[in-house]
Amino acid sequence: MDEVLHDRIRDAILDVPPGRVTTYGDIAALTGAPSPRMVGALLSEDGHDLPWHRVLRANGTPAPHLAHEQLTRLRAEGVLAKGQRVDLGEYRWRPSED
DNA sequence: GACCTGACGTACT
DNA sequence: GAGTACGCCAGGT
């Protein structure tokens, strides 16, 4: 994994403000990552100190094995989910609106 | 180098 | 809206 890209992905995730969410695809597009999977891979190995709970899949649902923890953290920030699905139209963060 | 795996996305049914 | 199929790229074996 390219280290510059690595840092850009981390920075992009750190930019997401509390109470908002983004998607793996958005982070990939924003940072130039070749695939959204790379974003997930990075979080998997080096995401412990990042607000990883603000990163969702494109349909607004979290990864299955993290769903409970992720939705709990998001709820604490004011992001409400309908079942397992967060309303991206409501909470999705865009860099331009920062 | 082939094959498998994964915190994903899009298209299609 | 939900499920399936396939493409995608990097890492490990």
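Keep in mind the model is a prediction, meaning the values are calculated, not measured. The sequence lines fix the lettering, A, B, ..., with proteins before strands; numbering per chain opens at 1.
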Q) Is it true that a side-chain atom of S44(A) and a backbone atom of G40(A) form a donor plus acceptor pair closer than 3.5 Å? A) no
(Q) With a 3.5 Å distance limit and no angle check, can you tell me whether R85(A) reaches the backbone of G60(A) through a side-chain donor-acceptor pair? (A) no
Q. Does any N or O in the side chain of Q70(A) come within less than 3.5 Å of the main-chain N or O of V55(A), such that one atom is a donor and the other an acceptor?
A. yes
Q | Rounded distance in Å - CG (L42(A)) to C1' (dC8(C)) | A | 17 Å
Q.
I need the CG-C1' distance between D2(A) and dC9(C), as an integer number of Å.
A. 14 Å
Q. Tell me: CD1 of I9(A) to P of dC9(C), nearest whole Å?
A. 14 Å
Q: Identify whether the distance between the nearest side-chain nitrogen and carboxylate oxygen of R10(A) and D46(A) falls below 4.0 Å.
A: yes
**Q.** Of the listed nucleotides dA2(C), dC8(C), dC9(C), the one nearest the side chain of R37(A)
**A.** dC8(C)
Q: May I ask you to decide whether E77(A) forms a salt bridge with R20(A), counting only side-chain N to carboxylate O separations under 4.0 Å?
A: no
Q.
Without decimals, in angstroms, what is the distance between R57(A) CZ and dC8(C) P?
A. 20 Å
Q: Report yes or no: does R73(A) contribute a side-chain atom to a donor-acceptor pair with the main-chain N or O of W52(A) at less than 3.5 Å?
A: no
Q. For DNA chain B, which nucleotides open and close the run of contacts to chain A, 5' to 3', at under 4.0 angstrom from a non-hydrogen atom?
A. dG6(B) to dT10(B)
Q. Heavy atoms under 4.0 Å, any strand shown: does A41(A) hit a base, just sugar-phosphate, or nothing?
A. nothing
**Q.** Nearest-Å distance for atom pair CG/P, residues L5(A) and dA10(C)
**A.** 9 Å
